[in-house]
Structures are given as structure tokens and as C-alpha cells.
Amino acid sequence: MHCVACAAALPAAARFCPSCGSPCPPTPVPQVERRKLVTALFCDLVGSTELSGILEPETLRSVVLRYFDVMRDQIEAHGGLVEKFIGDAVMAVFGIPTVHENDAHRAAAAALDMVAALAELNEDLSRTLGCQLAVRIGINTGEVVATAQEGTNENLVSGEVVNVAARLEQNAGVGEVLIGPITRELLGTAATVDKLGPVTLKGKRDAVAAFRLTSLQPYAVDGHRAAFVGRESELGRLRAAWAGVRDGHGGRLVTVSGEAGIGKTRLLQEWLAGLPDGEALVGAGRCHPYRDEASLTPLGQALRQILEKAEDRSPLEHSDHVLRTGLLHDGTPGRSPESTYAATAAMLRGLDRPVALLFDDLQWADQMLLDGIAHVATALEKDRVLLLCSGRVETTVDLALAPLSTVEAHELAAGLLELQLHGPDLLTRVIERAEGNPLYLEQLLAMLEEGADADELPATVNAVLAARIDALRPAERTTLCAAAVIGRQFVPARVEALSDTVAPLAELVRRGLIEPVRGQDGCYRFSSGLLREVTYRGISKRRRADWHERLADTPGTGIATEGHHFEQAYLHRHELGLRDERTEILRSRAALALTEAARTALARADLSWSADLGQRALRLSTKDDLWWKAAAQSLGETWLATGRTVDGDQLLREVMAAAGDDQRAYAHAKLQLAALHPESGVGSAAEIATEALPVFQAAQDNLGLARAYVRLGQEQQTLGSYRKADDLLEAALQHSVVAKAAPERATALGAIGISLWQGPTPATEAVRQCQDLLVRYGSDHDIVVLTLNYPLANLFALQGLDTEAQECLNTANRFARDLGYAEAAAFVPLFTAGVEALAGRWEKAEMLLREAIAQCQATGNAGLLINASRDLARVLVRNGKRPDPTLLDGGDDFPPAEAADHLGARAITETDARLAVQLARAAVAAAETTDSPITRATAYLDLAQACRSAGVPSTAAKRAAEWFGRKGHVVGCQAAAAIGAV
């Protein structure tokens with residue numbers, strides 16, 4: 001943009017030209033245009049001029065405002081949007097901002113209700129003012145251009161459809177509703193109309209077919225079960241894939257794709273029906289369009305079904321342990337997604353029969369589930385497992401279902417319709433209308449068999465389904481609608497809790513609208529996901545809001561599901577323009593529940609779900625809300641954990657800025673920012689923990705205290721002050737237990753294990769304490785088994801108890817693999833090498849350490865790299881080999897315990913004997929500042945070795961033996977004795 005006065009370039013959002021000072025023109029707001037199929041409604045008062053002669057202006061204005069309110073209420077009750085008031089006219093649109101397949105039906109119902117509501121208003125006006133109002137309404141459906149300014153919800157609708165609706169209204173009589181041809185087609189047999197024939201409208205060159213709407217009448221249609229037609233090739237490919245899996249030729253992942261109603265679920269059902277009894281263990285899971293369940297819930301559902309059928313569970317014990325507190329419990333990944341994928345693969349691999357895992361409605365799947373399916377498929381590519389996925393997906397697929405051919409459609413229709421009653425010409429027209437979609441064809445034929453006019457059949461499968469729903473008796477329709485609010489699958493008791501009038505489900509089953517769920521007594525589901533969607537969209541927003549609120553308040557509802565229902569109740573009332581106290585309460589309850597669910601998901605390592613829940617909570621909140629800081633804090637932590645460091649950093653800083661006098665919120669945000677994003681520049685985690693500790697103590701905030709004490713304890717460990725660290729970490733553990741904070745508890749226990757290994761506690765007592773912690777916390781927390789068994793293995797090894805050490809090491813290594821940590825490739829060989837070195841198996845230790853170094857270099861793990869390099873240098877020297885001079889490059893700026901280890905390693909590898917002694921003495925000096933017997937003993941042992949090589953007399957070996965003895969380090973005492981004896 002350039003200045004009009006001097007043509008100088010203007011900076012973005014400039015108000016005045018920097019060159020000449022002239023005012024800048026306003027920056028145009030970008031607009032987004034979209035084409036949508038909507039239904040427009042015009043309603044105008046009849047005889048308002050005469051009315052102005054009867055009523056004084058102020059009274060007339062009051063009457064008109066009451067009229068506008070009544071009309072708006074009916075329009076919004078049916079999901080319409082009042083676009084504007086023009087004089088005495090009302091213009092409304094159905095399909096803005098969101099298009100629904102039954103928008104035409106909504107508009108027609110609204111129009112009839114507007115006429116009826118006006119009659120009630122007229123009774124009052126006649127009684128009080130001696131006057132009455134009259135209206136006429138026009139409705140038309142077609143494609144419009146909806147324009148919205150970016151950053152706003154404003155929609156400007158233009159197009160011929162709007163003009164035609166206005167002209168139809170002008171041609172209507174008093175109290176009449178005229179509709180256009182497309183609206184008539186979409187309403188189908190649900191509408192009763194009078195044909196007016198072609199009507200010439202002002203401004204239109206061609207006449208328009210118009211209809212007078214008199215009522216919306218339901219009609220009765222029985223459901224049909226179509227034969228399996230036209231999918232023999234796809235069925236054959238599924239059977240071939242299964243045969244390969246069953247016969248041991250390797251696992252397969254097969255994806256079936258297609259549009260709604262094309263027959264994906266029917267194909268899978270036909271394949272399942274053909275499986276011989278007992279040949280396979282089958283589990284199925286279904287994805288939901290709303291996020292009220294954890295990301296991996298469909299996988300958990302499928303696995304539970306398989307476990308219920310498995311006869312031999314002995315191979316499953318370990319995997320079951322890993323999964324039962326996460327995936328099998330609540331659909332979360334527990335400590336990590338990778339651990340869940342690995343344990344799932346191990347579980348399936350251990351089964352005695354081939355396995356089929358089916359996942360439906362994959363278009364609603366969370367990315368974590370898609371990743372899990374891919375991981376499991378890769379891990380089981382040599383096993384007898386078939387993963388079969390279906391959905392309206394556009395990614396790479398194996399079987400893309402195309403529409404039925406004309407011949408196939410005729411074959412399908414032949415099994416559904418008495419041809420002699422209708423004739424081939426009529427059947428051909430219906431088949432052409434269905435366009436090869438079997439669900440659409442089945443529904444159209446059902447309507448035709450019930451006597452519907454072939455020229456008036458609905459134009460889309462969604463409209464067909466809506467018509468069938470509308471044809472139900474009131475109690476049946478109410479029952480189906482209540483079930484739709486619950487979800488695709490439901491139990492009758494939940495439906496009864498919503499509605500006072502519940503129809504027998506057997507009639508809905510007979511009509512083919514719902515079906516019992518195989519293997520789950522008393523459980524039902526909609527016969528298709530699309531049917532459930534159409535049913536839900538046909539419920540008024542007022543009723544949806546009420547039912548969602550009741551479901552949220554149902555005892556036993558999970559916190560995430562509660563948040564979902566409160567959220568939907570609030571959104572529907574908000575869309576209806578209801579801004580009352582009840583709506584505000586729903587908003588707050590939804591935000592609070594979603595925030596709590598987000599924190600729970602974060603603790604369960606379901607980061608994707610936590611982020612989704614947190615974002616929804618934040619969208620329902622403003623910074624003025626008391627809970628905003630908690631919602632933002634949770635989402636900020638989640639974003640940092642998922643690698644969205646910029647977003648997480650910014651959000652936590654916003655919490656700090658908005659904290660004001662809330663020192664607790666400020667302390668939490670700053671501490672987590674320092675701990676999860678060390679590059680944030682707010683200070684070290686230990687420094688922030690020191691600042692925050694008094695705040696958490698004053699507030700008796702157990703979560704905050706657990707976090708602060710963990711960071712302070714870890715800092716003391718880096719300084720080598722293990723006694724101080726023990727007290728801090730024990731406090732962290734106790735506070736984390738009270739706060740039920742699983743991540744902080746796992747971190748505290750892992751750090752306690754390191755203190756027991758490296759600190760002053762004698763080895764035998766340290767072993768006892770480690771084993772006690774495993775009994776208390778390890779049974780339900782697999783990460784504790786991992787973090788405590790590594791130090792326990794080393795505690796056994798340093799006492800010379802190799803068998804016990806190997807048992808702990810095997811347990812820890814197995815859990816490390818199953819947990820799937822990215823760092824496992826480095827720390828598994830590193831810890832294993834430590835045990836091998838203590839046993840004197842130098843060659844094996846060297847091999848493991850070189851493997852660990854290679855993994856650290858590949859992943860850029862600098863911390864583990866320097867530790868592995870030091871250990872390798874020591875192993876090489878002990879084995880009589882000369883280390884590479886560059887092995888210990890990497891700086892000397894280490895805290896005391898690490899400094900002692902690094903200087904000592906350099907001393908025993910240094911070829912200059914004099915320099916070696918100097919380095920060893922510096923190592924001892926650093927070690928003396930710690931209270932670690934192992935650190936001190938190792939430094940003295942290094943000094944003894946350096947002095948021996950230099951021919952310098954020394955008592956260092958004796959001192960090493962003393963410190964090793966205090967720890968109960970039998971292997972160390974033997975090494976010190978060997979050097980001292982030379």
C-alpha cells in the first residue's frame with residue numbers, strides 16, 4: 001500500500017504516512033466467500049399501513065417489536081439465522097453458518113410455527129388493543145454466496161435464491177406459505193402442498209413452479225435389509241488377505257474407503273459372517289465425531305473384546321500389566337503412546353489364534369490412533385494379525401468402494417421391491433436418482449413401496465433419512481432422537497433418563513433404524529453412522545441443549561463426557577441467542593470439566609486429547625473468568641510437552657502476566673516454563689522452585705509442592721548432596737501422592753532410586769528400600785518398575801550378587817522396550833554395561849557402551865553421551881586398552897559429582913604421569929564436596945592408579961577401600977585392594 005499524497009510505501013497498519021504525514025486509508029478487511037446450498041425465508045406483515053392508522057406510533061412500535069420477537073423465536077428454534085429486518089419484513093436463512101441436510105425442512109417447519117405463533121399473539125392483541133396482525137411467507141432453496149469478514153461471525157448472503165424467496169412471499173396470500181421447486185423436492189412426502197403451477201415473479205424472465213405449503217405430515221415406512229450385491233470382488237480381496245494372515249504369511253493392514261452409505265460397514269459384516277466359528281479372535285472399535293473419549297479408546301475396545309475371548313492368557317501377563325492402567329482402563333496411552341503400541345503388539349503376538357482388529361468410522365480418528373494402528377501393523381508384519389480399517393477417508397486405501405453399476409443396482413432393487421406393482425420405467429428413474437449409493441437406493445425404494453410419489457422423492461440420502469425419521473410416531477421419533485444425543489451406541493436406560501415417553505426399541509429395530517450390538521446384551525446402535533448424524537441434526541437446538549445438560553448431570557458420567565455434554569448444551573443455547581444465567585452456568589461448568597479432563601489426559605500421556613480438551617476449555621473462557629488461568633496453564637504445559645514450544649511458552653507467559661495478585665498461578669506457570677522449556681530464559685528450574693516454594697506452602701498446594709521439591713532435589717543430586725536430596729525427594733513423593741499427580745510421583749521415585757544407588761545409604765539398606773518402593777508403587781505404575789530396577793540392578797552388582805543383578809536388569813530392559821522410550825536405545829545398553837563392568841565382563845561392557853555412544857550421537861543426546869564416554873574410557877583402561885584421546889572431549893564445566901568422575905576418567909587415561917596425578921587430585925577435591933561414598937571412593941581409586949603409574953607413594957587405595965566399605969561396595973573394595981597390593 002502506498003500513500004495517495006506522496007506515493008511513499010506505507011508500513012502495515014500505519015495510520016499516518018511517515019514521509020508526508022497524510023492520513024492513511026483504512027486497511028480493507030479480508031472477506032471470505034463460500035457457496036452454500038441454503039434455504040431462505042421471507043416473512044412480511046400484511047396491511048401494516050392500515051394498522052398505523054389505528055395505533056399511535058409508540059404502541060405500533062411495541063406491537064411490531066413483539067411480532068419480531070415471536071418470529072425470531074420460531075426461526076431460531078428450528079436452527080435458522082435471522083439475517084436482517086427490512087421494514088416490517090423478516091429475512092432468515094437456514095444453512096448459515098453451518099449447512100444441514102434438512103435445512104429445507106427446518107425452514108418449512110419454522111414457517112408453519114410462525115403462522116401458528118402469530119395466531120397466539122393475535123389473541124392477546126385482539127383482547128388488549130383490538131387489532132390483529134397478518135403475515136405471508138416465501139421460502140426458496142438454492143445455492144448462494146455467503147460472505148464473512150475474517151475474524152467475525154457476520155454472514156452476508158447474496159444470490160438469486162434470496163430474491164426468489166422474497167418474490168414468493170409477495171405472491172402469497174394472507175397466512176400462506178409459498179415454497180419454491182427445490183424446497184418442495186427436498187421436503188419430499190413429509191410435506192403436504194397445493195400445486196400452484198408456474199408463477200410469474202417480478203424481475204424473473206421465466207416462470208417459477210410454486211407450491212402452497214399446508215402441513216408437514218409424518219408418514220410410516222418400514223425398514224428393509226438389502227441383499228449383499230456388487231461387492232464380490234472386494235469381498236474376495238478381504239478373504240484373500242485374511243487367508244494369508246491366517247496361514248502365517250504375515251500381518252496385513254487393509255483400509256476400506258468410500259462415501260457415506262456406499263456399503264463399507266456392510267462389506268465388513270459380510271466378511272465377518274463368513275468366518276468359521278472359532279477361527280479368529282475378533283475385536284472391533286468405532287471412532288466418534290466428538291472428543292469425549294480418550295484418543296486410543298477404539299483400540300482399547302477392540303483389545304478388551306479379544307481378551308474376553310482368549311483362552312490362554314499366560315503369554316499376556318506382562319503386556320496386560322503394561323496396558324491395564326492405561327489403554328485397557330480408559331483408552332489413554334498411560335506413560336507414553338510408544339509403550340502402548342509396543343505392549344499391544346506384544347499382546348497380540350502372544351495369542352494362540354489369528355487376530356482380526358476392525359476399526360470403523362476412521363474419518364473421526366485422532367492422529368494418535370492412526371499412528372498406533374500404523375505402529376502395530378509394522379510391528380506385526382510377520383505375525384497372524386489383520387488390521388481392517390474403514391471410513392470416509394481420502395488417504396492411501398486398499399479398497400475404495402465405487403457406486404454400484406446399473407445392473408447391480410437393479411439386482412439390489414429386485415430384492416427390495418415388488419416390480420409388478422411399479423413397472424420397470426419407474427424403477428429405472430429411482431435407480432438413476434440413487435446414483436449407485438446402496439443406502440440411498442434402499443431408502444428410496446422403501447418410501448416408494450409405501451406409496452410416495454416418484455416425482456417427489458427427496459434429492460439426497462440425507463433428506464431420505466430425515467424423511468424416514470419424520471415419518472415415525474412421536475414416541476418413536478423422540479426415542480430415536482434421545483439415542484442420537486447419547487451417541488452411535490447406547491443402552492435403553494440412558495434413553496429413558498432423557499425422555500418420559502420412550503417407545504419400545506423393537507419397532508425401531510424392525511424398521512432397520514437401530515440394531516442390537518453383537519456380544520453386548522442390552523446394547524443398541526444406529527444402523528449407520530449417517531443415520532445417527534441426520535437424526536441428531538433434526539433435533540431442535542433447544543431440545544439438544546436440554547438433553548445434553550441432563551446427560552452431563554447423570555451420575556457416573558466421566559469428566560470428559562460431562563465436559564462434552566455441558567459444552568454442547570452451552571453452544572446450542574448460545575446459538576439460539578439465549579444469554580441468560582443458565583447459559584452462563586453451562587459455559588462455566590463446561591470449561592471447568594474440560595480443564596479437569598485436560599489435566600487428567602496430560603497425566604495419562606494422552607497429549608493429543610489433552611490439547612483438544614484444553615483448547616475447547618479455553619475457547620469457552622475469557623481472561624475475566626476465574627478458571628482461565630488454570631485452563632491456560634494446563635494447555636500451555638501440554639503444548640510444551642508436544643513440542644509446540646512457541647505456543648506453550650506464550651500461553652504460560654500470558655498466565656504469568658494475568659496472574660496479578662495470584663502468586664500461586666504465577667509460580668506454577670513460571671516453574672513449568674523453566675522445567676519444560678529450559679531455553680525460555682526465565683531462570684533455572686531450581687531457582688524458580690526456590691522462589692515458588694513459600695507460595696505453595698502458604699496455599700497448601702500439594703501439586704506445586706511436589707513439583708518444587710522434585711526440582712530442588714534434582715539440583716542437590718547434581719551437586720552430590722544426596723542426603724539433602726533424599727529429604728526433598730521424599731517430600732516431593734508424599735505431596736505427589738496426596739495430589740494424585742502421576743508424572744511428579746514417577747519423577748520423584750526415579751530420582752529417589754538414583755539417590756539410593758549413588759548416595760550414602762549402605763547397599764543392603766538401599767536394596768531393601770528400593771524393593772519396598774517397588775512393592776508400594778510398582779504394581780500399578782510400569783514406569784516405576786523401570787526407574788527403580790536399574791539402580792537396584794547396580795546395587796546388587798556392586799555387592800557381587802550377579803544373579804540378582806541380572807534378574808533386575810532383565811526386568812528393567814524388558815519394560816524399557818515395552819514402554820517404547822526414544823532414549824531406550826541409549827540408556828538400556830548404558831545401564832547394562834554398568835552391571836557387566838561390575839562383573840568384570842569387560843568385552844561385553846565395551847560393546848554395549850559403544851552401542852550407547854552411537855545411539856547418543858545419532859539422537860543428539862549430549863548428556864548421556866558424555867556419561868557413556870567416561871564409562872567406556874574406564875572399561876578400556878580396566879581391560880588394558882588405550883582409549884581414543886578425543887573420547888573425553890566436551891568441556892570441564894560440570895557440577896561436583898560429574899566433575900569428579902570426569903577428572904578421574906581423564907587422569908587414568910592421561911599419558912603424562914605428572915598431569916595425571918594433578919587431574920586425579922582435582923577429582924578427589926571435587927568428590928570431597930559430595931556425600932556420595934561411590935563418588936569419593938572412585939576418585940581415590942583413580943588417584944591411586946595415577947600415583948602408581950607415576951611411581952608416587954600414596955594412601956589413596958586405602959581411602960578408596962574405606963569409602964567403598966561404607967557403601968558395602970564389595971567389587972570396589974576388591975579393586976582397591978588389588979591396586980593397594982601392587
Side-chain angles (χ1 to χ4, degrees), residues 223 265 269 272 282-294 296-309 327-331 358-361 364 465 469 472-539 543-569 593 597:
T265 302
Q269 290 174 341
L272 279 174
V282 179
R286 188 180 300 277
C287 305
H288 286 181
Y290 39 85
R291 298 297 308 279
D292 67 334
E293 294 182 334
L296 299 180
T297 295
L299 179 58
Q301 292 172 341
L303 285 189
R304 281 195 294 272
Q305 294 170 24
I306 286 175
L307 290 176
E308 290 171 359
K309 303 167 188 173
L327 180 67
L328 297 176
H329 173 62
D330 56 10
L358 280 64
F359 301 100
D360 204 359
D361 287 336
W364 307 121
L465 293 173
I469 295 165
L472 296 171
R473 290 189 291 270
E476 294 167 351
R477 187 165 58 250
T478 300
T479 300
L480 197 68
C481 289
V485 174
I486 296 169
R488 173 79 186 271
Q489 191 165 300
F490 60 92
V491 293
R494 296 299 295 272
V495 176
E496 293 169 2
L498 289 183
S499 177
D500 297 330
T501 56
V502 178
L505 297 183
E507 179 61 18
L508 297 177
V509 172
R510 187 184 70 81
R511 291 175 178 268
L513 298 174
I514 64 173
E515 59 191 15
V517 179
R518 278 197 314 178
Q520 299 185 44
D521 292 342
C523 188
Y524 295 82
R525 69 182 177 194
F526 282 82
S527 58
S528 75
L530 183 60
L531 174 61
R532 185 261 164 190
E533 294 173 31
V534 172
T535 303
Y536 183 81
R537 290 171 184 170
I539 307 169
R543 173 170 276 189
R544 284 189 225 167
D546 290 342
W547 279 351
H548 277 297
E549 184 178 357
R550 291 172 68 175
L551 283 171
D553 281 325
T554 302
T557 302
I559 191 64
T561 303
E562 177 185 316
H564 160 72
H565 287 304
F566 277 136
E567 177 187 33
Q568 292 304 308

Check whether any side-chain heavy atom of [X] lies under 4.5 Å from a side-chain heavy atom of [Y], and answer yes or no.
| X | Y | result |
| --- | --- | --- |
| L472 | L480 | yes |
| T554 | R550 | no |
| H564 | I559 | no |
| R477 | T535 | no |
| L505 | P492 | yes |
| E515 | V509 | no |
| L551 | V485 | yes |
| D546 | L498 | no |

task: Please list, chain by chain and in numerical order, all residues satisfying ring pair (Phe, Tyr, Trp, His ring centres under 6.0 Å) with Y536, sequence neighbours excluded.
output: H548
- prompt: Is the backbone N or O of S527 less than 3.5 Å from a side-chain atom of R532, with the two atoms forming a donor-acceptor pair by type?
  reply: no
field: Partner residues of Q489 under the side-chain contact (heavy atoms from CB on, under 4.5 Å) criterion, sequence neighbours left out
entry: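 Scan of Q489 (side-chain contact (heavy atoms from CB on, under 4.5 Å), adjacent residues dropped) gives V517, Q520, C523, R525.
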query: Mind checking what makes side-chain hydrogen bond (donor to acceptor under 3.5 Å, both in side chains) contact with T297, not counting sequence neighbours?
result: none
task: Mind checking side-chain hydrogen bond (donor to acceptor under 3.5 Å, both in side chains) for Q301 and listing every partner two or more places apart, or none if nothing turns up?
output: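 Per chain and number, Q301 pairs via side-chain hydrogen bond (donor to acceptor under 3.5 Å, both in side chains) with no residue.
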Verdict with reasoning, W547 to I486, per side chain to side chain contact (heavy atoms under 4.5 Å, CB included): CA-CA 9 Å; W547 279 351; I486 296 169; over 6 Å; no
Shortest non-hydrogen contact from [X] toward [Y]:
| X | Y | value |
| --- | --- | --- |
| G285 | A302 | N-CB, 4.2 Å |
| R488 | D361 | NH1-OD2, 3.4 Å |
| A545 | A569 | O-CB, 3.3 Å |

- prompt: side chain to side chain contact (heavy atoms under 4.5 Å, CB included) between E507 and E476: does it pass, once the steps are laid out?
  reply: CA-CA 8 Å; E507 179 61 18; E476 294 167 351; 3.0 Å; yes
- prompt: Measuring from L513:CG to L508:CG, what's the distance to the nearest 0.5 Å?
  reply: 6.0 Å
- prompt: Of all residues at least two apart in sequence or in a different chain, which pass the salt bridge (charged side-chain N to carboxylate O under 4.0 Å, His left out) check with R543?
  reply: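 For R543 there are no salt bridge (charged side-chain N to carboxylate O under 4.0 Å, His left out) partners, ignoring immediate neighbours.
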task: Sort and list the pairs that fulfil salt bridge (charged side-chain N to carboxylate O under 4.0 Å, His left out) and have at least one residue in residues 556-566, not counting sequence neighbours.
output: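 Applying salt bridge (charged side-chain N to carboxylate O under 4.0 Å, His left out) to every pair that reaches into residues 556-566, excluding sequence neighbours, yields nothing.
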task: Take T557 and R494 through the side chain to side chain contact (heavy atoms under 4.5 Å, CB included) test and state the conclusion after the steps.
output: CA-CA 11 Å; T557 302; R494 296 299 295 272; 4.1 Å; yes
message: Set out, in order, the CA-CA distance, both residues' side-chain angles and the distance that settles side chain to side chain contact (heavy atoms under 4.5 Å, CB included) for Y524 and V495, then state yes or no.
response: CA-CA 11 Å; Y524 295 82; V495 176; over 6 Å; no
